[in-house]
Structure formats: C-alpha cells, structure tokens
Trainee: 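Below is the structure I would like to discuss, written out as structure tokens.
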Amino acid sequence: MRIALIGYGRMGQAVERVATARGHTVVGVMGRATPNAERTAIAETADALIDFSHADAVETNIALALHTARPLVIGTTGWDAQRDALAQRVQQSGGAVLYAPNFSIAVQLYMHYAVALAAQLLRLDGWDVAIEEIHHRGKADAPSGTARALTQRLQHALNPPREAVYPAPPNHPLPETQFCVGVLRVGSEFGTHRVLLDGPYDWLEITHRAKSRDGFAYGAVRAAEWLRGRTGFYTFQEVLTEILTPTEAD
Ligand SMILES: NC(=O)c1ccc[n+]([C@@H]2O[C@H](COP(=O)([O-])OP(=O)(O)OC[C@H]3O[C@@H](n4cnc5c(N)ncnc54)[C@H](OP(=O)(O)O)[C@@H]3O)[C@@H](O)[C@H]2O)c1
C-alpha cells in the first residue's frame, strides 16, 4: 500500500518505520508548511493517508481526504468537540475516515477490563476511583485522548453515576458524586495511564505503560489496511475485532 503521512513528528516517523516493516511504502509527507496544491498532489499518489499532526489541522485533513477520495486514518487527538460534525460530513460525502485516540491494541483491551473491574468494585460500599495519565512535555493536549476515552467509558459504566473532574477542585473537598482525572507532564514519557481504585480493605492500581511509540503506529497501519475499500466514519473497535478474532489458521 502507498501511504502518505500528515505530520512527520514523533508519531509520523514511528508510522513510517512500522509501515515499511509491513511492506508498505511511504510516498510523501505533509507538514504544517506544505502548500495546498502540494498536499493534494501527495494525497493523489497514495492509497491511504495517516494523520498524526495537530488538532487544529484535523478539519483540513478530512477535507483533503474527501476532496481526493482517499481513506484517512486519524491518530491526532484533542478535536473531540468537532468530532460529531466532522463524522457526519464524512458519512454524507461517502468518504472513509477512521479515528482512534489510542491505536495500541493493549490499551484498548486495558480500557475494557479496567472499566469493567472499576464498575464492579464501585457497586460495593466504600470504593472510590481516579484516573491518572502521564506524558512527555511536548504533548499538546490535556488530558490525553486516551484518558478522555477512559473517563467517558467509566462514566457510562458507573451506577450510581459520577461526574469526572479535571483538575481537582482547588479550594473545596471532592464531592462523593465526582471522581478525579489527574495529568502529569514529564520528560520524554511515551504514555502511562492508571486507574486507581481505593476500597475499605484493598488498593488497586491498574496501569498501562507504553514502551515505545511503535505500538500506536502498528495499530494505525493495521487500521489503514482495514479501511481500504470501505466508506464511513469508524473507530478502532471494528479493526480490533478483526485482529482479535481467531481465524481458521489459528
Ligand atoms: N492515536 C494514538 O494512538 C496516538 C499516539 C500518540 C500520539 N497521538 C497524537 O498524535 C498527534 C501527534 O503526536 P506527536 O507526538 O507525533 O507530535 P509531534 O512530534 O509534535 O508531531 C506533530 C507533527 O505534526 C506537524 N503538524 C502540525 N500542524 C500541522 C498541520 N497543520 N499539517 C500537517 N502537519 C502538521 C508538526 O509539524 P511542525 O513541527 O512544523 O509543527 C509535527 O511534525 C498528537 O495529537 C498526539 O496526541 C496519538
């Protein structure tokens, strides 16, 4: 597959490494300063576009994918407020876009099981929960897209419901009806997410820590392979189901 990259920073370079190892070719790279005509020309040489750039660029990147009729995988985070409107535009235009705030297969499974465990324990008396994320200093958005997704899923799963707060209230105690999302920025940390559970007799910390960026890149490349020939606005869930479903050869 011929792949064009939008954004050639830490993640763009990881995607190039992983895509090349899977036998694909990176045919072009678009940066902040790439003129529109050149962006269109690069996109037209590609079978798929993969975007790890900046939230401000996502709307333009979707417009490019629709204009050139190329499938687009988006890993860029921090554009949740625009997501529903842009998804609708993709559906109406017959385009193909797949977005995940975290393309790590392990993180997706982690979120599923951590939320299920938290929801079960919080049905018992005396349990509390918090989420923490730690990333490198260069990260542009906070909380991370993954922490937001984890928070949303937890909010849906909790009964009675609790509202997430970020940051912690600066001058009053945390009400029983809320839970905290904590954010730290330090050095070159690839990404750590933690669900903290505090019970009357037990303390649980369920942690995922990325060892490199290649796990995110691998998921994004698998998503680009999956998206080929499809139309619609997708999440990583469909790709994950395909990756995790045993085949006859297994
Ligand atoms: N979904 C996932 O699994 C996952 C995993 C990790 C990171 N992310 C997200 O991916 C994004 C990129 O992360 P990163 O660590 O690779 O950041 P990064 O190292 O800062 O790289 C971002 C790149 O995008 C370029 N860029 C900025 N605006 C652009 C535009 N309008 N058009 C094209 N390129 C543009 C930047 O160019 P300049 O240098 O010229 O500004 C830079 O090369 C972030 O939103 C991050 O949260 C997602």
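All ligand and atom numbering here is 1-based and tracks the order in the structure.
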Trainee: For residues 92-103, dump all side-chain donor-acceptor pairs below 3.5 Å to protein atoms at least two apart in sequence or in another chain.
Mentor:
residue	atom	partner	partner atom	Å
Ser93	OG	Arg89	O	2.6
Asn102	OD1	Ser104	N	2.8
Asn102	ND2	Thr146	OG1	2.8

Trainee: Hydrophobic clusters join Ile, Leu, Val, Met, Phe, Trp and Tyr when side-chain heavy atoms are under 4.5 Å apart, directly or via other members; which others share one with Leu174?
Mentor: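 Direct or chained contacts put Leu174 with Val165.
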Trainee: Linking I/L/V/M/F/W/Y whenever any side-chain heavy atoms sit under 4.5 Å apart, do Ile105 and Ile74 land together?
Mentor: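 Different clusters.
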Trainee: In the single-linkage hydrophobic clustering (I, L, V, M, F, W, Y; side-chain heavy atoms under 4.5 Å), do Val18 and Leu240 co-cluster?
Mentor: yes
Trainee: Distance under 4.0 Å, heavy atoms only, partner ligand 1: which residues pass?
Mentor: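 Residue list for ligand 1: Ile6, Gly7, Tyr8, Gly9, Arg10, Met11, Met30, Gly31, Arg32, Arg39, Phe52, Ser53, His54, Ala57, Gly75, Thr76, Thr77, Ala100, Pro101, Asn102, Phe103, Lys139, Asp141, Phe216.
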Trainee: Asp128: what forms a salt bridge (charged side-chain N to carboxylate O under 4.0 Å, His left out) with it, not counting sequence neighbours?
Mentor: Arg162
Trainee: Given 3.5 Å as the limit, does a donor-acceptor pair link the side chain of Gln13 with the main chain of Tyr8, or not?
Mentor: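 Side chain of Gln13 to backbone of Tyr8, a donor-acceptor pair under 3.5 Å: yes, one is there.
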